[in-house]
2 protein chains.
Amino acid sequence: MKQEGRAAGTPATLWDRTRLLASRDVLETALRLFTEQGYDETTIAQIAREAGVSQRTLFRYFGTKEDLLGGNQDRFGQVLADAISEQHAEVGVWEALRAGVVAAQALHDGPEQALKRFRLLHDTATLRAGWLEKRLRFQEDLLPLVKARMDLAVGSTDPAARAVIATVFACLDAASMTWVDNDGKGDLMDLYDECLAAVRGCPTATSQP
Amino acid sequence: MKQEGRAAGTPATLWDRTRLLASRDVLETALRLFTEQGYDETTIAQIAREAGVSQRTLFRYFGTKEDLLGGNQDRFGQVLADAISEQHAEVGVWEALRAGVVAAQALHDGPEQALKRFRLLHDTATLRAGWLEKRLRFQEDLLPLVKARMDLAVGSTDPAARAVIATVFACLDAASMTWVDNDGKGDLMDLYDECLAAVRGCPTATSQP
DNA sequence: CGCCGAACTGGCAGTCACTGCCAAACCACT
DNA sequence: AGTGGTTTGGCAGTGACTGCCAGTTCGGCG
């Protein structure tokens, strides 16, 4: 009796449904404990206990303690890449990348959760490291896309494409740091634009001899 | 821990001399094993055994497995900051930062060792993460220095300073990646200049033949 | 020269994230 | 029910890292 007729998005079997439910529970418990007592001070054993699963199962759901933070971190890279490749060919690199950033930013449930997660990310050394590492992989994935848009051969050794991508992430970094420092005041993309202007734009604010 | 001021430069007590000798041994053994069999495949126990010290002592010398890679990684940040603050006030931010990068680059024993270390760094996920994390701390340390040079209040929430610093590191990153991909061919600073030019468009006085 | 206090070293046990293995529980389909 | 494939939980083990407690070594002092 597989009642498959329902909406395409719903999970197929009951098994997967419980699975999803349990994983959501774990995720919520983890985020709660992390914010309550800090990331490093929270052990896997505690999360497993409070979420009602065994440690072993928890590790089967999420391979890593870091993965307990944001389940959609991997989607970040995917959305980014998709949004960029959807841009028309005439659109410049910087604009295309900006569009990608906007799209990826829309993944957050809301500014509340985003700020909470950002703060955790910025305050915990190990989390920061993990995030940066993941980001580096996204950058590598973006490389062919950007190269194509810059009229560079894919096998080219030109560092320009890498530089552009890295700079975009750098500005996003600077923007989000400032955003967190300001307790989430203002729009993140405005800060991003400001950062990019400071780096490439007309030397108004930056004293350039 | 207590640095006696005896003869400036010469090793103070015999104790510290043996200490230095031993730590150099450990460092060499570690780098050798890392390059021979990979970072993750090398255990602390093995390094300690082959270097002739106990694990406990090894951890007292270097607090972390990562610290066994480049003993002078911490000096990187120091040298960078020093070189920047030594620049004349009229020197622009970008130039000052470039000078810092040049100074920091001189820390490497030679292009051979540098390439070896870079390759290890780029190929090992955990090392990459750690390095990025450390770099982020350097960036934070540089913030007041750069803000001052950009005529920004130290307490200002302007993201421009952060953006500039992050971009410099991003370009250094892109340059070193390309450098490694090219097996160390060419000059790293040339690549850096190329990266910065690609990002900022206007080639300022940074190109120095 | 011998001794004492201070710093260093080594070993042991323990914590924590994470993995492999195996038996028990589970759900789906017949 | 029964069977087969999947999932789960517990257990032991690995590897980085820390605290603790002796044992050793160095430096200076009488």
Side-chain angles (χ1 to χ4, degrees), chain A residues 1-6 10-27 29-30 33-34 37-69 124-131 133, chain B residues 1-7 10-26 29-30 33-34 37-69 124-131 133:
Chain A
M1 357 244 124
K2 33 163 63 177
Q3 291 288 72
E4 293 279 330
R6 57 198 70 218
T10 31
T13 129
L14 177 138
W15 239 5
D16 296 337
R17 244 174 300 161
T18 15
R19 224 177 128 80
L20 268 196
L21 224 19
S23 89
R24 187 184 306 264
D25 258 12
V26 171
L27 234 42
T29 309
L33 291 176
F34 287 162
Q37 47 184 247
Y39 179 80
D40 287 326
E41 287 68 36
T42 306
T43 68
I44 295 283
Q46 189 184 8
I47 299 172
R49 206 182 319 123
E50 298 209 13
V53 294
S54 74
Q55 291 191 38
R56 197 67 191 80
T57 304
L58 194 152
F59 274 117
R60 262 192 282 255
Y61 281 19
F62 317 90
T64 308
K65 189 181 178 186
E66 278 175 19
D67 290 344
L68 290 169
L69 228 215
T124 314
T126 56
L127 282 178
R128 256 184 342 228
W131 169 240
E133 219 287 306
Chain B
M1 307 314 169
K2 47 152 45 167
Q3 303 292 31
E4 328 270 330
R6 306 263 160 133
T10 18
T13 131
L14 180 137
W15 237 357
D16 295 338
R17 243 175 300 160
T18 18
R19 225 177 127 81
L20 269 195
L21 225 18
S23 89
R24 187 183 306 264
D25 259 12
V26 171
T29 310
L33 290 176
F34 286 162
Q37 48 184 246
Y39 178 80
D40 287 326
E41 286 69 35
T42 305
T43 68
I44 294 282
Q46 190 183 7
I47 299 172
R49 206 183 319 120
E50 298 210 13
V53 293
S54 74
Q55 290 190 39
R56 200 64 193 77
T57 304
L58 195 153
F59 273 117
R60 263 192 282 255
Y61 281 19
F62 317 90
T64 308
K65 189 181 179 186
E66 279 175 18
D67 290 345
L68 289 169
L69 229 214
T124 315
T126 56
L127 283 178
R128 252 180 351 224
W131 168 239
E133 219 286 305

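Remember, predicted model here, so these are calculated numbers, not experimental data. Residue numbering restarts at 1 for every chain, and letters A, B, ... go by the order of the sequence lines.
One finds a side-chain N or O of B:Tyr61 lying less than 4.0 angstrom from the OP1 or OP2 phosphate oxygen of C:dT9. Contact check, A:Arg19 against D:dT6: no side-chain N or O comes under 4.0 Å of OP1 or OP2.
Two residues are said to be in side-chain contact when any heavy atoms from C-beta on lie closer than 4.5 Å; A:Leu68 and A:Ile44 meet this criterion. Between A:Trp131 and A:Leu69 the shortest side-chain heavy-atom distance does not fall below 4.5 Å. Proximity of B:Tyr61 to B:Asp67: side-chain heavy atoms (C-beta onward) are nowhere separated by under 4.5 Å.
Applying the side-chain contact (heavy atoms from CB on, under 4.5 Å) rule to A:Ala125 yields the partners A:Arg128, B:Glu133; only residues at least two apart in sequence or on another chain are considered.
Stacking of A:Lys65 on the aromatic ring of A:Tyr39 is recorded, both the 6.0 Å distance cut-off and the 45° axial limit being met.
Atom NZ in B:Lys65 sits roughly 16 Å away from atom P in D:dT14 (whole-Å rounding). B:Leu20 has its CG atom 12 Å from the P atom of C:dC8, to the nearest Å. Atom CG of B:Leu127 and atom P of D:dA16 are 12 Å apart (whole Å).
The OG atom of A:Ser54 sits 6.5 Å away from the CZ atom of A:Arg60 when rounded to the nearest 0.5 Å. Separation of atoms OG1 (B:Thr57) and CZ (B:Phe62) is listed at 11.5 Å; rounding is to 0.5 Å. Between the CD1 atom in A:Ile47 and the CG atom in A:Asp25 there is a gap of 13.0 Å [rounded to 0.5 Å].
Within residues 39-48 of chain A, no residue is approached by DNA chain D to less than 4.0 Å at the level of any non-hydrogen atom. Residues from residues 50-60 of chain A placing a heavy atom under 4.0 Å of any atom in DNA chain D, listed by number, are A:Ser54, A:Arg56, A:Thr57, A:Arg60.
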